[in-house]
Protein chains: 2
Amino acid sequence: MVKINGQKTAGQNDTERKIMEAAEEMFLRNGYNMTTTTMIARKAGVTHAMLHYYYRTKEQIFIKVLDRNLDELLASFHPVMKKDAPFWETLESGISTHFDFLMKHPELPTFILDTMRFNPELLESYKPRIRETLLRITGFHFSIIKDEIAAGKIREVDPEQLLLDIITLNLSAFIMLPPARKVFTEISDTRNRQILENRKKEIIALIKSRLYGKL
Amino acid sequence: MVKINGQKTAGQNDTERKIMEAAEEMFLRNGYNMTTTTMIARKAGVTHAMLHYYYRTKEQIFIKVLDRNLDELLASFHPVMKKDAPFWETLESGISTHFDFLMKHPELPTFILDTMRFNPELLESYKPRIRETLLRITGFHFSIIKDEIAAGKIREVDPEQLLLDIITLNLSAFIMLPPARKVFTEISDTRNRQILENRKKEIIALIKSRLYGKL
DNA sequence: ATAATGTTTAACAGCTTTGTTAATACATCG
DNA sequence: CGATGTATTAACAAAGCTGTTAAACATTAT
């Protein structure tokens, strides 16, 4: 299938690439079960036999899509905080970076949530890697937060709850708001961007007062 | 089938009721598309022809399930705040009540989200009622919050953002955490309750410091 | 040119889905 | 009892799904 200089471009040929792109788009938007191989093929402009020719089964092409997104998936948990620079500045920029990342991959949270919910077996082989990443990150942040509490610099919060606050608030903007808007208010692209920016500011303000607000 | 005195039981007979119960359980857990009429019938212990006999189509039985849950659905937006009693006390109890309500109907948020996402047309007829409720509630809360800000009692927050904070935080605990636990950590029922209680406390603390914390 | 290899199509197989229907069992009531 | 309307079953039909296959077509190498 891979032709080097005759006709086809290096790597994948056109059909294979179009199928993968269509599959990625559909799976990300609708999840594994709600996407049919026929739909993917139609969107790619080929017969569905081609999908099976290149990727064998629906599950295998899904796994390939998962692979393509796994690094980003893990990155999505990642950069809530960085180094041992000033605590709040790095935390704030961490939340912001995380939110910005989600703005660039707005469908990723729902995609992962769907897969966890309906097809956890497809994540089985990734579990160790995900778990390991997660533990490393939480461990890292927990210790920094505890240090900061011990030094009396921030309020006494449960580090686990704080991370949950940040992550769920950020993800909510991408998991819950789009369907809600689908029912309640249709909205333009720029307006959407604006709303998300406001949301980001609010989330940061929320976390800041949780840590530094004196009651 | 089951007659009590040679008469049918008042209202629904046993089969009809069992089908409805099975349908409600399945639709709430898996949504419209991921539930098949055959699965419902099997769970109810009848042939799937009975489902069509009593409810005609899958869509019609789904609508009936939606009806049965609509009041609760609307209630789920409802009691974030009550009257003109002391502001924070009522807000706190409102958040708490809302959270407790969700604990009693933990599948409702995901159910509605699913329906908004994949079958918004099935919500079409409920839109006016939902919109009206929503507007009434937001209008009510906005004015109270604005009054409180004007009186200098709480920090200057965007009321819309504040309600989004509360609602998304509460819903997150039921939409995002269960699938996450499915993948990362299986957990007992009492432990789950404990986690949710902690989460509730954290959410309340978060909102409180947002409103009253001095930076 | 021709053989070998790779790509694409159309048709089909087997399964599952929603929904219908004809036949049958059943209860109730006159 | 027998007539009548209801409840139930099994079988079926049409459509869509995933996946396979044989044959046609294209490309490359010999």
Side-chain angles (χ1 to χ4, degrees), chain A residues 1-24 26-27 29-66 114-115 118-119 121-122, chain B residues 1-24 26-27 29-66 114-115 118-119 121-122:
Chain A
M1 69 191 121
V2 175
K3 311 299 160 61
I4 300 274
N5 57 12
Q7 318 290 334
K8 309 290 165 81
T9 54
Q12 300 170 311
N13 69 34
D14 203 49
T15 301
E16 191 175 352
R17 211 201 60 245
K18 279 193 306 191
I19 292 172
M20 175 52 74
E21 280 166 10
E24 185 157 30
M26 305 281 287
F27 279 136
R29 180 158 358 121
N30 297 330
Y32 183 77
N33 304 281
M34 301 277 296
T35 301
T36 72
T37 54
T38 316
M39 285 160 58
I40 293 173
R42 203 177 51 227
K43 164 154 288 201
V46 300
T47 71
H48 83 281
M50 294 313 294
L51 187 145
H52 293 286
Y53 175 70
Y54 282 109
Y55 298 98
R56 207 69 194 160
T57 67
K58 179 182 174 181
E59 185 169 325
Q60 283 198 40
I61 191 173
F62 181 82
I63 293 291
K64 288 229 161 91
V65 170
L66 213 50
D114 270 0
T115 309
F118 290 116
N119 312 91
E121 75 282 2
L122 297 178
Chain B
M1 195 191 212
V2 172
K3 310 298 160 65
I4 293 250
N5 281 343
Q7 301 292 345
K8 300 182 187 179
T9 55
Q12 299 171 312
N13 67 34
D14 202 49
T15 300
E16 191 174 353
R17 210 202 60 246
K18 279 193 305 192
I19 292 173
M20 175 51 74
E21 281 166 10
E24 184 157 32
M26 306 280 289
F27 280 136
R29 177 155 4 119
N30 297 330
Y32 183 77
N33 304 281
M34 300 278 296
T35 302
T36 71
T37 54
T38 315
M39 285 160 58
I40 294 172
R42 202 177 52 226
K43 165 156 286 200
V46 301
T47 71
H48 85 280
M50 293 314 295
L51 187 144
H52 293 287
Y53 176 71
Y54 283 109
Y55 298 98
R56 206 70 193 162
T57 68
K58 179 181 174 182
E59 184 170 326
Q60 283 199 41
I61 192 173
F62 181 82
I63 293 289
K64 288 230 161 91
V65 171
L66 213 50
D114 269 1
T115 308
F118 290 117
N119 313 91
E121 76 282 2
L122 297 177

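Within every chain, numbering begins at 1; the chains are lettered A, B, ... in the order of the sequence lines, protein sequences first and strands thereafter. Here the structure is a predicted model, which is why all the values come from computation and not from measurement.
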In 5'-to-3' order, the base (B), backbone-only (S) or no-contact (-) status of each nucleotide in nucleotides 20-26 of chain D, using a 4.0 angstrom heavy-atom cut-off, is B------

Is the shortest side-chain heavy-atom distance between His52(A) and His48(A) below 4.5 Å? yes

Lys18(A) NZ - dT7(C) P separation (whole Å): 14 Å

Over how many whole Å does the gap from Tyr55(A) atom OH to dT7(C) atom P extend? 12 Å

If I take atom CZ in residue Phe62(B) and atom P in nucleotide dT18(C), what distance separates them, rounded to the nearest angstrom? 13 Å

Counting C-beta onward and ignoring hydrogens, is there a side-chain heavy-atom pair between Glu16(A) and Ile19(A) closer than 4.5 Å? no

Are Thr115(B) and Phe62(B) close enough, and set up right, to give a side-chain contact (heavy atoms from CB on, under 4.5 Å), and what steps lead you there? CA-CA 11 Å; Thr115(B) 308; Phe62(B) 181 82; 3.8 Å; yes

Could you check how far CZ of Arg42(B) sits from P of dT9(D), rounded to whole Å? 16 Å

Please report, rounded to the nearest Å, how far the P atom of dT16(C) is from the CG atom of Asn33(A). 15 Å

Under 4.0 Å between a side-chain N or O of Thr47(B) and OP1 or OP2 of dT8(D)? no

dC17(D) P sits how many Å from Ile61(A) CD1, rounded? 16 Å

Rounded to the nearest 0.5 Å, the OG1 atom of Thr47(B) sits from the CZ atom of Arg42(B) at a distance of 13.0 Å

Out of dT18(C), dA7(D), dT7(C), which has the shortest distance to the side chain of Asn13(A)? dT7(C)

Using a heavy-atom cut-off of 4.0 Å across all strands, would you classify Thr38(B) as base, sugar-phosphate, or nothing? base

Find out whether Glu24(B) and Glu21(B) are in side-chain contact, i.e. whether some heavy atom of one side chain is under 4.5 Å from a heavy atom of the other. no

Phosphate oxygens OP1/OP2 of dT8(D): is one of them under 4.0 Å from a side-chain N or O of Thr15(B)? yes

Using atom CE of Met26(B) as one end and atom P of dT18(C) as the other, report the distance to the nearest whole Å. 10 Å

Within this structure, what is the CG-to-C1' distance between Leu51(A) and dT8(C), rounded to whole angstrom? 14 Å

Testing dT8(C), dT18(D), dT8(D) for proximity to the side chain of Tyr54(A), the answer is dT8(C)

Should Ile61(A) and Thr37(A) count as side-chain neighbours, where that means a heavy-atom distance under 4.5 Å? no

Ring-plane angle category for Phe27(B) and Tyr32(B), please: parallel below 30°, perpendicular beyond 60°, tilted otherwise. parallel

Side chain of Met50(A) only, please: which of dT8(C), dG19(C), dT8(D) is the nearest? dT8(C)

